[in-house]
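Notes follow once the structure below has been shown.
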2 protein chains.
Amino acid sequence: MSGSDQLSAVFSALADPTRRAILAELADRDATVTELTAPLPISMPAVSRHLKALERAGLISRTRSGKLRMSRIEAAPLREAAEWIERYRRFWDTSLTRLDAHLAAVQAAGRPTDRTAHGPAFPDRESPSKAHDKEN
Amino acid sequence: MSGSDQLSAVFSALADPTRRAILAELADRDATVTELTAPLPISMPAVSRHLKALERAGLISRTRSGKLRMSRIEAAPLREAAEWIERYRRFWDTSLTRLDAHLAAVQAAGRPTDRTAHGPAFPDRESPSKAHDKEN
DNA sequence: ACTACATTTAACGTGTTGGTTAAGTGACTG
DNA sequence: CAGTCACTTAACCAACACGTTAAATGTAGT
């Protein structure tokens with residue numbers, strides 16, 4: 001998992017189909033480890049560790065109720081993830097075609113990259129450790 | 001990477017900050033491997049393999065122009081990812097509070113899970129290999 | 001206290017990831 | 001055709017992910 005930041009932990013958690021299935025289950029209702037394990041093709045310890053990963057990513061919280069341990073979805077971190085991806089919407093959203101065309105023209109003046117469409121509002125520069133000092 | 005499906009590949013690709021930085025760079029402009037490597041604290045082979053991962057996830061495409069190899073963002077798969085996450089919006093979007101409250105009441109009738117809010121439209125059951133046959 | 005149940009932790013095997021350096025490949029350039 | 005530039009591939013390593021089974025922990029009931 002290279003990056004240990006929040007966003008990396010979230011995307012990393014979502015990268016596993018079992019964990020996505022667990023989240024889907026928890027979106028429906030809070031559940032115990034046993035309940036979550038039942039429909040899955042893996043052992044309970046395995047599920048337990050998936051839950052730990054989800055918890056580490058902040059995607060679930062857990063409370064002890066007697067000898068049961070309930071998991072509850074905490075989707076706040078998904079907001080960050082959604083916002084990150086949202087910055088790239090212009091690359092797939094056709095409703096932005098008109099805008100794209102205009103901005104492509106603007107950008108084309110600067111360089112001959114040309115793809116008939118391409119926005120200008122570039123996403124955040126998220127430098128991984130070393131600074132992004134392009135344009136040098 | 002446990003899951004080898006499209007969504008898993010995409011989330012897995014996004015889980016690495018270096019790859020997110022590369023995508024941010026490519027959102028701005030198409031670039032060669034050398035250009036992408038410049039601002040990063042890692043070797044060119046390492047970048048080359050990050051690009052391979054991004055390509056495998058369908059997030060970039062590459063074309064050879066003479067001895068240069070241009071990478072271009074192909075954000076279509078991000079749409080899927082965004083849509084997947086979008087299904088959980090009700091868990092963080094406060095503008096859905098009113099709706100949540102109502103639906104929580106509806107749901108509360110069925111079970112005593114109760115969290116003052118919780119939607120009913122549960123996300124897709126994405127069964128990881130074994131079927132999700134809850135309610136048994 | 002003894003037992004049962006729910007869950008976690010430990011120990012282990014195995015595959016993958018992400019980085020490195022060194023060697024290969026393909027396309028242009030003198 | 002030799003050299004150089006722009007990469008990619010190979011070989012290697014350390015760390016981690018994900019699964020297993022077996023043992024430990026914590027809570028409840030008898």
Side-chain angles (χ1 to χ4, degrees), chain A residues 1-5 7-23 25-26 30-57 59-72 126-130, chain B residues 1-5 7-23 25-26 30-57 59-72 128-130:
Chain A
M1 190 212 289
S2 179
S4 56
D5 52 298
L7 208 43
S8 296
V10 171
F11 281 134
S12 188
L14 298 185
D16 187 298
T18 299
R19 285 192 290 264
R20 290 200 302 276
I22 289 174
L23 279 182
E25 198 71 27
L26 292 177
D30 297 355
T32 66
V33 181
T34 303
E35 286 170 344
L36 290 170
T37 301
L40 296 171
I42 59 178
S43 67
M44 189 177 298
V47 172
S48 182
R49 295 203 330 194
H50 279 304
L51 291 174
K52 200 188 245 175
L54 288 168
E55 194 172 25
R56 187 165 49 88
L59 291 170
I60 66 169
S61 64
R62 305 164 86 185
T63 58
R64 156 171 269 134
S65 293
K67 61 179 165 185
L68 271 35
R69 200 168 266 262
M70 298 298 279
S71 294
R72 156 172 299 179
E126 178 189 6
S127 109
S129 177
K130 186 179 174 183
Chain B
M1 187 210 293
S2 179
S4 55
D5 53 297
L7 208 44
S8 295
V10 171
F11 281 134
S12 187
L14 298 184
D16 187 297
T18 299
R19 286 192 290 264
R20 290 200 303 275
I22 289 174
L23 278 182
E25 198 72 26
L26 292 176
D30 296 355
T32 65
V33 181
T34 302
E35 286 171 346
L36 290 171
T37 301
L40 296 172
I42 59 178
S43 66
M44 188 177 298
V47 172
S48 183
R49 294 200 331 191
H50 278 304
L51 291 173
K52 200 188 246 175
L54 287 167
E55 194 172 26
R56 186 165 49 88
L59 290 169
I60 66 169
S61 65
R62 307 165 85 186
T63 58
R64 156 170 268 131
S65 292
K67 62 180 165 183
L68 270 33
R69 201 168 266 263
M70 297 298 279
S71 294
R72 157 170 301 180
S129 158
K130 186 179 174 185

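To find a chain, count down the sequence lines: A is the first, B the second, and so on, and within it residues start at 1.
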Quiz item: Can you check the A:Arg56 CZ to D:dC18 C1' distance for me, whole Å?
Solution: 13 Å

Practice problem: Using whole Å, report how far CD1 of A:Ile42 lies from P of D:dT21. | Solution: 12 Å

Practice problem: Respond yes when some side-chain nitrogen or oxygen of B:His50 is under 4.0 Å from OP1 or OP2 of C:dG19, and no when none is. | Solution: yes

Quiz item: Roughly how many Å is it from CG in A:Leu54 to C1' in D:dA17, rounded to a whole number?
Solution: 14 Å

Quiz prompt | Nearest-nucleotide 5' precedence on DNA chain D, A:Arg64 against B:Val47 | solution = B:Val47

Practice problem: Mind listing the closest non-hydrogen atom pair of B:Ala57 and B:Ala13 along with its distance? | Solution: CB-CB, 3.9 Å

Find every protein N or O atom lying less than 3.5 Å from an N or O atom of nucleotides 9-14 of chain D, and list the pairs.
unit_1	atom_1	unit_2	atom_2	d
D:dT9	OP2	B:Lys52	NZ	3.3

Exercise. Take the protein atom CG of B:Leu51 and the nucleotide atom C1' of D:dA6, then report the distance between them rounded to whole Å.
Key: 13 Å

Considering only nitrogen or oxygen atoms on both sides, find all protein atoms under 3.5 Å from nucleotides 4-6 of chain C and state each distance.
unit_1	atom_1	unit_2	atom_2	d
C:dC5	O4'	A:Lys67	NZ	3.4
C:dA6	O3'	A:Lys67	O	3.4

Exercise. Measure the distance from CD on A:Glu55 to C1' on C:dT9 and round it to the nearest whole Å.
Key: 15 Å

Practice problem: Begin from the C-alpha positions of A:Ile60 and A:His50 and carry the test side chain to side chain contact (heavy atoms under 4.5 Å, CB included) through to its verdict. | Solution: CA-CA 11 Å; A:Ile60 66 169; A:His50 279 304; over 6 Å; no

Quiz item: Going through the checks in order, is the side chain to side chain contact (heavy atoms under 4.5 Å, CB included) test met by A:Val33 and A:Met44?
Solution: CA-CA 7 Å; A:Val33 181; A:Met44 189 177 298; 3.6 Å; yes

Quiz prompt | Non-neighbouring partners of B:Arg49 that pass side-chain contact (heavy atoms from CB on, under 4.5 Å), sequence neighbours left out | solution = none

Quiz item: Which is it for A:Glu25 and A:Leu40 under the side chain to side chain contact (heavy atoms under 4.5 Å, CB included) test, yes or no, and what are the steps along the way?
Solution: CA-CA 11 Å; A:Glu25 198 71 27; A:Leu40 296 171; over 6 Å; no

Practice problem: Measure the shortest side-chain to side-chain distance between A:Thr32 and A:Met70 over non-hydrogen atoms and say whether it is less than 4.5 angstrom. | Solution: yes

Quiz item: Is there side-chain contact between A:Val47 and A:Thr18, with at least one heavy-atom pair below 4.5 Å?
Solution: no

Quiz item: Are the side chains of B:Ser71 and B:Glu55 in touch, meaning some heavy atoms are under 4.5 Å apart?
Solution: no

